[in-house]
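Just so we're on the same page: letters track the sequence lines, and every chain starts at 1.
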Amino acid sequence: MSDEKKVQIPTATEIAEGAEVTKEMVQEYKTSGMEMDKMWITMGPQHPFSHGLWTLKICADGEIVTDADPIVGYLHRGWEKEVENRTYPKIIPMADRLCYAASMTYTHLYCMTCEKALGIDIPEKTKYIRIVADEINRLQSHLMWMAAVGTDLGNYTAFLWCSREREYWMDMNVRLCGARSTTNYPRIGGVRNDVYDIDPDLKDEDHSRFLRDLVRCCDHFDKALWDIIALIDNNSTFISRMVGNGIITREQCANLGITGPAARGTGVDFDIRRDDPYDNYDKVDFDVPVLTACDSYARYMIRVEEMFQSTRIIRQAVEKIRALGRSAPYRLKVPQNIPAGRTFCKLEDPRGESMMYLVSDGTDHPYRLKVRSPIFVNVSSSKYLLQGCRIADVPVIMAMIDMCLGETDR
Amino acid sequence: MMVYSSIIDWVTATWGTPVVLREFYPFADYNLPYHISMALWNIIGGALAWLINLLFPGNPVSEWLINPGTNNVFALVIFMIVIFLVAFIAVLISLWEERKVLGRAMDRRGTMIGMMGFLQCVADGFKTFMKDNVYSRKVDNMTYWWTVSLVIGTSVLIDCMVPLSSRWYVVNYDAGLLIIMGLYALAPFFILVSGWAQNNKYSLIGGIRAAEMMISYEVPMLIIIATACLLTGSMNIGEIVAAQKDIWYMIPMFVGFVTFVMCATAEAERAPFDLAEAESELVEGWQTEYGGMKWGLIMLADYLRGSVSCGMIVLLFWGGWNIPFVSLDYFLGPDAVNNFLYWLPVPELIFLIKGWIAFFLMIIIRCGVGRVRTDTILNLGWKVFMPLSVINLMIVLVLKVMGVY
Amino acid sequence: MDLTVREYQEGWENEIKSKLEAQFPGKLTVTKTETRRVYAQVDKSVSKAVCQYLHDELSFEHCATVIGVDLGEEEQKMQVVYHIDNYTLYKAMVVELTVDLPYDDLHIETVSDIWGGANWHERETWELFGIVFDNHPRLERLLTPDTYEFFPFRKSYKLRGSQ
């Protein structure tokens, strides 16, 4: 199951006839799973720890995991092939279906790629609205992840508390787009509706109840998150499960292509929002948390800190939207056909670096559209994350990857 | 043999003698559930005998039905049912308590159907009984069925063995505590064998974890129980409770109490020590292959063992059915039978309420903690609980030597 | 290698462009540069060497994607596109390498020994386009079932219906 090439082990008769036995062969024999004390455990596709349909095969030596082999593809829909038959606007709702926890980031990324291919610059207000929408989705996704960490560690209080806080952001999402999960909100050249158009009785005023409630939501959330932190971070049963497992070095992490909070908890000081800014992320002020502890707890802390930073970003973006007012445009009229060329765009997904590569041929549908999913790469490194840990640590370490199968299998 | 003419005569005749003084009375002192059973049988058997006597006057069956020996046999059958039903309902109430308290702690309402959610337990029980009896064809048949039956059987047995008061017991003898602990410690062996028999890797790991866990908490737990026996000078549960009539053992043995609560949580396989059925990595651990009714009964057994743990906490540390500085002689004293309302189950309720309070403690622990790892519980058992229980023993020895106890 | 983090400066694109073109004369053409982006067309024979050079000398630590593109029956070729990121020396620079492969020789050297992250991308590109990555440790089907004997993302594979 391992990626290394296996040494051919001679059979007993061959050895009796004088075949040479090297040290590598003995080592291979010892590690090939032929002894009684090692067994391959197939976790999934229906397993409480796999948040979605995927399989993790682990080789356990007693309680110690010696090897792991993730198997994905149960949800493969041929997304990239399907979109080749659709016109550009028809792909927007399909992009929502890539990820159920933070669906807007993929739609945003898709629209951004098309805009870049068209060579247009979207209105200033739209950029801030997209920042707000992105951060709401990031908070939702991180809260869902935190709830999952609670269940993976055997505690349902954390799960329900996080789900409760997530509802506020879901409500904000519903106010903004009218849907909880599959939002269908960004458009090529703008967004579907202005934040000022949500309240019909406030037609002429330069005031948005949505923005007001958004700030209130941030205020509430900053306090409520401390409750959950008090539950988890002050509790040695959680901490002892997270500290010191799933350790890989910074170099390994960069080499294996791990991105996002998992990489920042491993010392990779990189955030696309800050280092390669898109939209107006360079005009808002926020910190990128980076820890060098390289274990699960560091990855946990990164995500918690990111939630605080998200509310900070939302507050600033709201101020900017208010300054621009109701009259500023929020959407451009764009041509149907995208000129021939190649474009790629990167975006900081809640889970890592997501990227779309568009090959356009001048017609109204893409010639090829490739999605780079962060989880697809992160999960491929599970072998290195899991080696040497205990079976009990497997859900915890994999929880820090924050699995989402819609985008992994596409 | 009395002349059987009417039920009124018969009832006055049988109820006239105190139950303790009757022929074939199986206990050494007064036993309330037996008395209740006898009264119940007197009504049922008496009515039957009277009806048959009406149809066939002077027949031998009626006489046989009201024979003292027959009465005793049937009363003992009813006695078993009464004891089990009370224990069972107490467990159902603790299950309901867990669901409600856990719900509130998690910012939801818990079960809401019927009698503030109590009937949900009954509905769930019926649901599991309705389910198909599914099992794998590749399991080791004998061990698969017998181990789970034994886990459930021993759990029911020990829960019935815990006395609710000095007049509500099944057996009352000097090694009572020992037999409860002996039966209690059996379950991990059955779990180990059962995990092996299921032909499932999760079950196997779960079973081995149960065994691994048992060696870590069982020793400190038994040391603490031995310390309590040492403090009393007896292994008889009644005497241990009587010894802490005014000062609960929680006060001299506080270290032991805290350790015992942890060990009892582990013994009942409740969070944070539910490693054997850790569902995030082992699906359902050793119970993975048991579905439907078997699973329902295993869950029931889990709660039965939880309530035994609470019962042990109450008996050893919280003064059992006594309240400090309050005399319960009206109900439990040597001449209590002569009192008007002596049959009110006040001491029993005190015991059960204390048990539910102890269970509340366990529920609160479950709300706030995650699951520990196997190496953590081994470390805890041998490096924390073990020294603490020995320290507890030292304190008790010092108290004994100084003559405080 | 010195791995101090440097913030973005103007002119990094041209610096990388000149370094790459000097290292692989005639085999590599930088087609376009944008802010933080360098686009290059690479000859198949040096693709691995370019990747090795980027990784070892210019500290490009992260391979974001390996993409397969089928250019269709007219052009009779496929392309493999690499996106390679930098975390330190040239922070946030992305180099896009495009390698042309003719239909009759769909073989390219693997880069999964340079960047572990490219491993699954190469497997995916193989199973969907049939581009063989030589010396890949485990070129097996990943997303599609093992029984598939065709490469579904090729342009020759038509979907039922509209196409």
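Counting heavy-atom neighbours within 6.0 Å of Tyr135(B) OH, excluding the residue itself, gives a total of 12 or less. Crowding of Tyr74(A) atom OH: a count of heavy atoms from other residues, nucleotides or ligands under 6.0 Å exceeding 12. For Arg108(B), the CZ atom sits in a packed shell: over 12 heavy atoms of surrounding residues, nucleotides or ligands are nearer than 6.0 Å. Heavy atoms of other residues, nucleotides or ligands lying less than 6.0 angstrom from CZ of Phe360(B) number 12 at most.
In this structure, the portions of Arg241(A) lying under 4.5 Å from any heavy atom of chain B include both its backbone and its side chain. For Ser236(A), no part lies under 4.5 angstrom from a heavy atom of chain B. When heavy atoms are compared at a cutoff of 4.5 Å, Asn245(A) approaches chain B solely by way of its side chain, counted from C-beta outward.
Proximity of a side-chain donor or acceptor of Asn235(A) to a complementary backbone N or O of Gly368(B) within less than 3.5 Å is detected. The closest donor-acceptor contact from the side chain of Lys201(B) to the backbone of Met39(A) lies at 3.5 Å or more, if one exists at all.
Residue with the most contacts toward chain B among Thr151(A), Asp152(A), Asn155(A), Thr42(A): Asn155(A) (heavy-atom pairs, distance under 4.5 Å). When each of Asp107(B), Ile208(B), Ile205(B) is scored by its heavy-atom pairs under 4.5 Å with chain A, the top score falls to Asp107(B). Note: Gly154(A) leads Ser163(A), Gly154(A), Ser240(A), Ala158(A) in heavy-atom pairs under 4.5 Å with chain B.
Two residues are said to be in side-chain contact when any heavy atoms from C-beta on lie closer than 4.5 Å; Ile41(A) and Tyr202(B) meet this criterion. You'll find the side chain of Pro48(A) reaches within 4.5 Å of the side chain of Val283(B), heavy atoms only.
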> side chain to side chain contact (heavy atoms under 4.5 Å, CB included) between Met106(B) and Arg164(A): does it pass, once the steps are laid out?
Replying inline: CA-CA 10 Å; Met106(B) 290 172 183; Arg164(A) 179 189 67 197; over 6 Å; no

>> As a quick check of understanding, evaluate side chain to side chain contact (heavy atoms under 4.5 Å, CB included) for Leu153(A) and Arg371(B), giving each step before the final call.
In response: CA-CA 6 Å; Leu153(A) 289 169; Arg371(B) 185 178 301 114; over 6 Å; no

>> side chain to side chain contact (heavy atoms under 4.5 Å, CB included), that's the test. Do Val372(B) and Thr237(A) meet it? Break it down for me.
In response: CA-CA 6 Å; Val372(B) 299; Thr237(A) 51; 3.8 Å; yes

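Rounded to the nearest 0.5 Å, atoms OG1 (Thr374(B)) and CD1 (Ile391(A)) are 8.5 Å apart. Atom CZ of residue Arg366(B) and atom OH of residue Tyr156(A) lie 8.0 Å apart, to the nearest 0.5 angstrom.
Comment: Glu63(A) does not engage Arg373(B) in a salt bridge, judged by the lack of any side-chain N to carboxylate O separation of less than 4.0 angstrom.
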